[in-house]
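Computed from a predicted model, the values in this text were never measured in an experiment. In what follows, every chain begins at residue 1, and chains take the letters A, B, ... in the order their sequences are listed.
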There are 2 protein chains.
Amino acid sequence: MLTSSQQQLLRVISQSGPSSRTVLAASMGLSKAAMSGIARDLISLGVLRETETIYGQGRPSILLDLHPEGAFFVGVSLLEDPAPLVLSDFNGNIIARQTMPLSRDPDAIAEMIADTLPKLLAEQERADGKLSGIGVALSGFVDEKQANCVKSTLLGWQDVPLAGIIRQKTGIDTFIENDAKAVAVSEKLFGSARDVQNFSVVSFGNGIGCAHFVGGKLYRGNHGGAGEIAHCTIEPNGSPCRCGKRGCLDTVASLKAIKEMAKAEGLACHSLKDLETEASIGNAAAIRILHRAGSALGLAIAHLIQFNDPGLILITHVEGHFDGLFGTVMRQAAEANVLPRYAGQTPIRTRRVDGDVWARGAASIAAHNFLIGSTPY
Amino acid sequence: MLTSSQQQLLRVISQSGPSSRTVLAASMGLSKAAMSGIARDLISLGVLRETETIYGQGRPSILLDLHPEGAFFVGVSLLEDPAPLVLSDFNGNIIARQTMPLSRDPDAIAEMIADTLPKLLAEQERADGKLSGIGVALSGFVDEKQANCVKSTLLGWQDVPLAGIIRQKTGIDTFIENDAKAVAVSEKLFGSARDVQNFSVVSFGNGIGCAHFVGGKLYRGNHGGAGEIAHCTIEPNGSPCRCGKRGCLDTVASLKAIKEMAKAEGLACHSLKDLETEASIGNAAAIRILHRAGSALGLAIAHLIQFNDPGLILITHVEGHFDGLFGTVMRQAAEANVLPRYAGQTPIRTRRVDGDVWARGAASIAAHNFLIGSTPY
DNA sequence: TTGTCTTTGTTCATTTTCTGAACTTAGCTG
DNA sequence: CAGCTAAGTTCAGAAAATGAACAAAGACAA
């Protein structure tokens, strides 16, 4: 186990990137002497390594960075069938891959993971003995300890202590997390939000997920529900939603909703891109649908900015398409609905992610816990 | 200056209320031995004191609490003319009061504060030598260090380093903060949100302000704009707002907006209460106005819940009135627009505050900084 | 009343962690 | 090449926290 100073150092480096001992000492409020010792220990543990040397006036400084092979994590996505398991290094690189059949039985899941784990590790010898955690991403609400699934409609669960079950079967520290929150964590640790303290990730797909980072930490909300923007009312008295309300963002702007609206209009579009193509050649229905969806998403994002003033909005998508009408309208609506003096202040970035998002997100949850540990006061 | 452990202890007590040494040691992750010493020091400094004795099995435990006279703070509100200055003890009790003419000139303000300070302190000898900070509440945006006013339309300021100027003139540590955020801090430190980690305070008045606490800390947002719900679009294509957009919450639900709507309808109502009375005797226009305002505020609060999942929404108001139609509709709209499975999970509390809110809020900013100090990593 | 039990809080020697100051290292500068 | 600058190390000493033993204060049962 690492000391709290060691953990803190890892955390700082993971947030601010490779830095010299002197810089790190200053940003942690420690003396150079203390830093020297802590760094020495972590290097000899194989968790840190010296990378670039920066030449300037005086003695050159040597940057310290996380050693990609300092720790390995397993990520499991329970959002797909078969469920992917990936082995990730400390940089978020996926270095091995397996799948297992998806089950709704927690014990069966734990069993399957325990069975698949050796196969996964066998692919990469260098991970031997350095597996530092398992993360599981699922659709649903997870408690603060990232141990129990409070509720998952998709899996039909209520108060399932999945993390504990897996930990018991595998002997490895395990944490579970909501899908959107897992993606946010992976963007913070491994992705394009490393150096941003406050940001929100919107994961755009058949559903719309969202998660917030506040002060460099994942903000889960009081019931683990922070970021559930899919069911905010965006069209008062709009179409009914499966949640029981009307006019939820989900009914207008999710990929599923867009496809359904297209189908209802008799359009033979099987993807957002198809619909964009239709719109670009002047199909009124396609334009109407994209406009409506874009406005809705843009308005929700504007609310997000107005309410939380994040430093970045990151929209991740697997099969989205933000270069056309949809994206343009979304951005315009977002700009038009924030305080004019704020407009343009908050970057809205879209990012296409590969099919490994969920599994990588899951792995990042394990990494996040390795870095944060049992959070101090 | 206090050590970081001492500060931490004060913070924990201020959050969780009076506790025994053993409990405190556990919740701070320290040994009883360490706690014993830290507590002894703080008691002899006059910052902590032993209060109740709890009898159970074994040796009785003695609760430690902040000593109300352990530190004193001055709060200045630049929201009123004349501007009130209050002297507050460590419990948020206002023990002295002065006023000074409001000015737009930072130097003049600092001068006035420096002049008024002795008079304020003269009222209460026990505060002698224990004045630990000055807080200033103002309408506008404040930077992260709570030192510079980035922008205040009301005061006509842009990048004014007010805190530094006052600090220089008075020799006392000074921090400035946005009005709504100051109120939130005072609710956290002194009010009804002491033990809630995540909550939002909506200050309802001629304008609508809001501020969030996340993880027990004030969340300021990336540009200090977190919580600016007044200008979120609540009625798409609604009435124009002075901010340049349309349909902002501020144009429908603020006290000012309600009064203006009443006036426009030819109603002779000078307060929300008058309007409620009108509505209660069946005045259609009054009912319409209250309904519209309540729905708007309720929807905004629903968004707040849906986006951030706070543990509490606290609505503070000086001359509001939430027992009538307005309040009822507001609550209904809030419930109706959150995920049904969440409805009712987030308490929405209204709280009438006295005219000292802003000044007390300002003082609490100083207290907050005394407790948090220069925040560690 | 009295001894036992339970739990809080203190004491103190010891260990861990951090600091300050002096020093070494390594490259720029002229 | 000497002189300068800044990074990183070393080491004695200070500061903070620990663990174990112990004193304190009441509950409880005989």
Side-chain angles (χ1 to χ4, degrees), chain A residues 1-13 16-67 373-377, chain B residues 1-13 16-67 373-377:
Chain A
M1 199 50 196
L2 304 176
T3 70
S4 70
S5 292
Q6 288 174 328
Q7 282 198 339
Q8 193 189 357
L9 176 55
L10 294 184
R11 220 175 314 150
V12 172
I13 292 183
S16 47
S19 325
S20 72
R21 290 170 174 80
T22 309
V23 167
L24 289 167
S27 82
M28 284 174 58
L30 290 179
S31 62
K32 288 192 296 170
M35 181 54 61
S36 187
I38 298 170
R40 190 194 312 118
D41 296 347
L42 284 177
I43 288 173
S44 72
L45 277 170
V47 181
L48 277 189
R49 65 169 179 182
E50 301 188 329
T51 55
E52 217 179 329
T53 306
I54 304 284
Y55 301 94
Q57 261 197 333
R59 177 172 169 176
S61 59
I62 305 161
L63 300 189
L64 295 175
D65 199 2
L66 303 181
H67 196 304
S374 49
T375 322
Y377 229 92
Chain B
M1 200 48 197
L2 304 175
T3 70
S4 70
S5 292
Q6 289 174 327
Q7 283 199 337
Q8 193 189 357
L9 176 55
L10 295 184
R11 220 176 314 150
V12 171
I13 292 182
S16 46
S19 324
S20 72
R21 290 170 174 80
T22 308
V23 167
L24 289 167
S27 83
M28 284 175 57
L30 290 180
S31 63
K32 288 191 294 170
M35 180 55 62
S36 187
I38 297 171
R40 190 195 314 117
D41 295 347
L42 284 177
I43 288 172
S44 72
L45 276 171
V47 182
L48 277 189
R49 66 170 180 182
E50 301 187 330
T51 56
E52 217 179 328
T53 305
I54 304 286
Y55 300 94
Q57 262 198 332
R59 176 171 170 175
S61 57
I62 304 161
L63 301 190
L64 295 176
D65 199 4
L66 303 182
H67 196 306
S374 48
T375 323
Y377 229 94

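- When the P atom of C:dT8 is taken as reference, atom CZ of B:Arg21 falls 12 Å away, rounded to whole Å.
- With sequence neighbours excluded, the residues forming a side-chain contact (heavy atoms from CB on, under 4.5 Å) with A:Ala34 are A:Leu30, A:Ser31, listed by chain and number.
- For B:Thr3, the side-chain contact (heavy atoms from CB on, under 4.5 Å) partners two or more places apart in sequence, or in a different chain, are B:Ser5, B:Gln6.
- Rounded to a whole Å, the CD1 atom of A:Ile54 is 15 Å from the C1' atom of C:dC28.
- Annotation: side chain of B:Leu45 is in contact with side chain of B:Leu42 (closest heavy-atom distance under 4.5 Å).
- In this structure, B:Thr53 and B:Pro60 approach most closely via the heavy-atom pair CG2-CB, 3.6 Å.
- Residue pairs meeting the salt bridge (charged side-chain N to carboxylate O under 4.0 Å, His left out) criterion with at least one partner in residues 21-43 of chain A, sequence neighbours excluded, are A:Arg21-A:Glu50.
- Exactly one residue among A:Leu24, A:Leu2, A:Leu9 makes a side chain to side chain contact (heavy atoms under 4.5 Å, CB included) with A:Ile38. That residue is A:Leu9.
- One finds no side-chain N or O of B:Ser5 lying less than 4.0 angstrom from the OP1 or OP2 phosphate oxygen of D:dA16.
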Short heteroatom pairs, N/O only, protein and nucleotides 13-15 of chain C, under 3.5 Å:
none

Would you list the protein and nucleotides 25-30 of chain D atom pairs, both N or O, that sit under 3.5 Å from each other?
{"from": "D:dA25", "atom 1": "N3", "to": "B:Arg59", "atom 2": "N", "distance (Å)": "3.4"}

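- One finds the OG1 atom of A:Thr51 at 11.0 Å from the NE2 atom of A:His67 (value rounded to the nearest 0.5 Å).
- Heavy atoms only, all atoms of each residue included: B:Val23 and B:Ser19 are closest at CG1-CB, 4.1 Å.
- Screening residues 56-67 of chain A for salt bridge (charged side-chain N to carboxylate O under 4.0 Å, His left out) gives no qualifying pairs among residues at least two apart or on separate chains.
- In the region residues 30-48 of chain B, proximity to DNA chain C at under 4.0 angstrom, judged on heavy atoms, holds for B:Lys32, B:Ala33, B:Ser36, B:Arg40.
- Across the protein-nucleic acid pair, A:Glu52 atom CD and D:dA7 atom C1' stand 16 Å apart, rounded to whole Å.
- Residues A:Ser20 and A:Leu63 share a closest heavy-atom pair of N-CD2, 3.6 Å.
- When all heavy atoms of B:Arg49 and B:Leu66 are compared, the closest pair comes out as NE-O, 4.2 Å.
- Rounded to an integer number of Å, the gap from A:Leu64 CG to D:dA7 P is 13 Å.
- Regarding contacts with the backbone of D:dA6, every side-chain N or O of A:Ser61 stays at 4.0 angstrom or more from both OP1 and OP2.
- The side chain of B:Ser20 contributes no N or O atom lying less than 4.0 Å from OP1 or OP2 of C:dT8.
- Atom CG of A:Leu2 and atom C1' of C:dT16 are 16 Å apart (whole Å).
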